[in-house]
Amino acid sequence: MNNKVLIAGLAAGVVSFFYGWVMYGMLLADFFAANMGSASGVNRGPEEMDFAMLTMGNLAFGFLMAFIASWAGANNFVSGLKIGLVVGLFAGLGFNGMMMGTTHISTMNAMLADVAVFTVMIGLVGGVAAALLGRGGAKATA
């Protein structure tokens, strides 16, 4: 992994963390709490959050999108955004579809909302990663 991919992955992970905090933790927290399936009490409260795992998960998405953007040759925000939107949509549909098919954790409304929020999140993460990869003009290689 070269320095461009490392920096892009870290920055994209930070974007993922803060976007998730604002969307899931603040703006839509009540919606998701109200749309839990029969498995109420599954979510951790703010005082129970495991921030080490949360940080690791967000950094993983940042690095995933930095690698994908690098391999695809994306070198500006819009190209990374497009890649991220596609990856986010299919990853969100895949994960949420499997969870809906195997658990009682959420309702259909929560699933659709999560797919939308996650798609935008990964789109932004991909956009930031690609924008940073494109700085300086040289193509990044993973």
Side-chain angles (χ1 to χ4, degrees), residues 1-37 39-40 42-142:
M1 174 179 344
N2 68 27
N3 287 340
K4 275 191 163 190
V5 174
L6 178 64
I7 291 167
L10 287 170
V14 169
V15 168
S16 178
F17 182 91
F18 284 107
Y19 176 87
W21 178 30
V22 168
M23 295 303 291
Y24 292 108
M26 293 192 303
L27 296 179
L28 296 174
D30 291 340
F31 169 81
F32 282 112
N35 283 281
M36 293 302 294
S40 63
V42 172
N43 289 339
R44 294 177 188 246
E47 67 286 345
E48 298 176 288
M49 292 287 175
D50 184 341
F51 283 97
M53 295 307 295
L54 191 56
T55 300
M56 186 269 311
N58 282 285
L59 287 173
F61 280 126
F63 284 113
L64 173 67
M65 290 312 302
F67 275 106
I68 291 172
S70 176
W71 292 335
N75 59 5
N76 61 59
F77 182 84
V78 173
S79 62
L81 175 70
K82 289 177 184 178
I83 292 167
L85 290 172
V86 171
V87 170
L89 175 64
F90 288 112
L93 282 171
F95 177 77
N96 279 283
M98 288 186 280
M99 293 302 290
M100 283 292 294
T102 60
T103 72
H104 297 286
I105 290 176
S106 75
T107 64
M108 183 63 73
N109 285 340
M111 180 201 131
L112 295 173
D114 186 56
V115 169
V117 171
F118 185 77
T119 298
V120 172
M121 180 171 82
I122 300 303
L124 293 172
V125 167
V128 167
L132 290 171
L133 289 170
R135 290 179 54 116
K139 182 181 178 218
T141 57

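Residues take their numbers from the sequence shown, with the count starting at 1. Basis for what follows: all heavy atoms, side chains included, without hydrogens, waters or symmetry-related copies.
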Non-neighbouring partners of Phe32 that pass ring pair (Phe, Tyr, Trp, His ring centres under 6.0 Å), sequence neighbours left out: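 Only Tyr24 meet the ring pair (Phe, Tyr, Trp, His ring centres under 6.0 Å) criterion with Phe32.
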For [X], check side-chain contact (heavy atoms from CB on, under 4.5 Å) against everything at least two apart and list the hits.
| X | value |
| --- | --- |
| Met53 | Asp50, Met56 |
| Val14 | Phe18 |
| Ile68 | Leu64, Met65, Ile83, Val87 |
| Met100 | Ser106, Met108, Met111 |

If you round to the nearest 0.5 Å, how far is [atom2] of [Y] from [atom1] of [X]?
| X | Y | atom1 | atom2 | answer |
| --- | --- | --- | --- | --- |
| Leu133 | Lys4 | CG | NZ | 7.0 Å |
| Ser70 | Asn75 | OG | CG | 10.5 Å |
| Ile122 | Leu81 | CD1 | CG | 11.5 Å |
| Ile105 | Met36 | CD1 | CE | 6.0 Å |

Among all residues two or more places apart in sequence or in another chain, which pass the side-chain hydrogen bond (donor to acceptor under 3.5 Å, both in side chains) test with [X]?
| X | value |
| --- | --- |
| Asn58 | Ser16 |
| Ser79 | Asn76 |
| Tyr19 | none |

Of all the heavy-atom pairs spanning [X] and [Y], show the shortest one and how long it is.
| X | Y | value |
| --- | --- | --- |
| Leu6 | Phe63 | O-CE2, 3.6 Å |
| Ala29 | Gly25 | CB-O, 3.6 Å |
| Gly62 | Ala12 | CA-CB, 3.7 Å |
| Ala66 | Ala129 | CA-CB, 3.8 Å |

Contact list for residues 118-134, test side-chain hydrogen bond (donor to acceptor under 3.5 Å, both in side chains), sequence neighbours left out |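 Listed by first then second residue: nothing to list.
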_Can you pull out every ring pair (Phe, Tyr, Trp, His ring centres under 6.0 Å) where at least one residue sits in residues 106-125? Sequence neighbours excluded, please._
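For residues 106-125, and leaving out neighbouring residues, the ring pair (Phe, Tyr, Trp, His ring centres under 6.0 Å) pairs sorted by first residue read Phe61-Phe118.
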Enumerate donor-acceptor pairs with a distance under 3.5 Å from any side-chain N or O in residues 89-96 to protein atoms, sequence neighbours excluded.
{"from": "Asn96", "atom 1": "ND2", "to": "Gly92", "atom 2": "O", "distance (Å)": "2.9"}
{"from": "Asn96", "atom 1": "ND2", "to": "Asp114", "atom 2": "OD2", "distance (Å)": "2.7"}

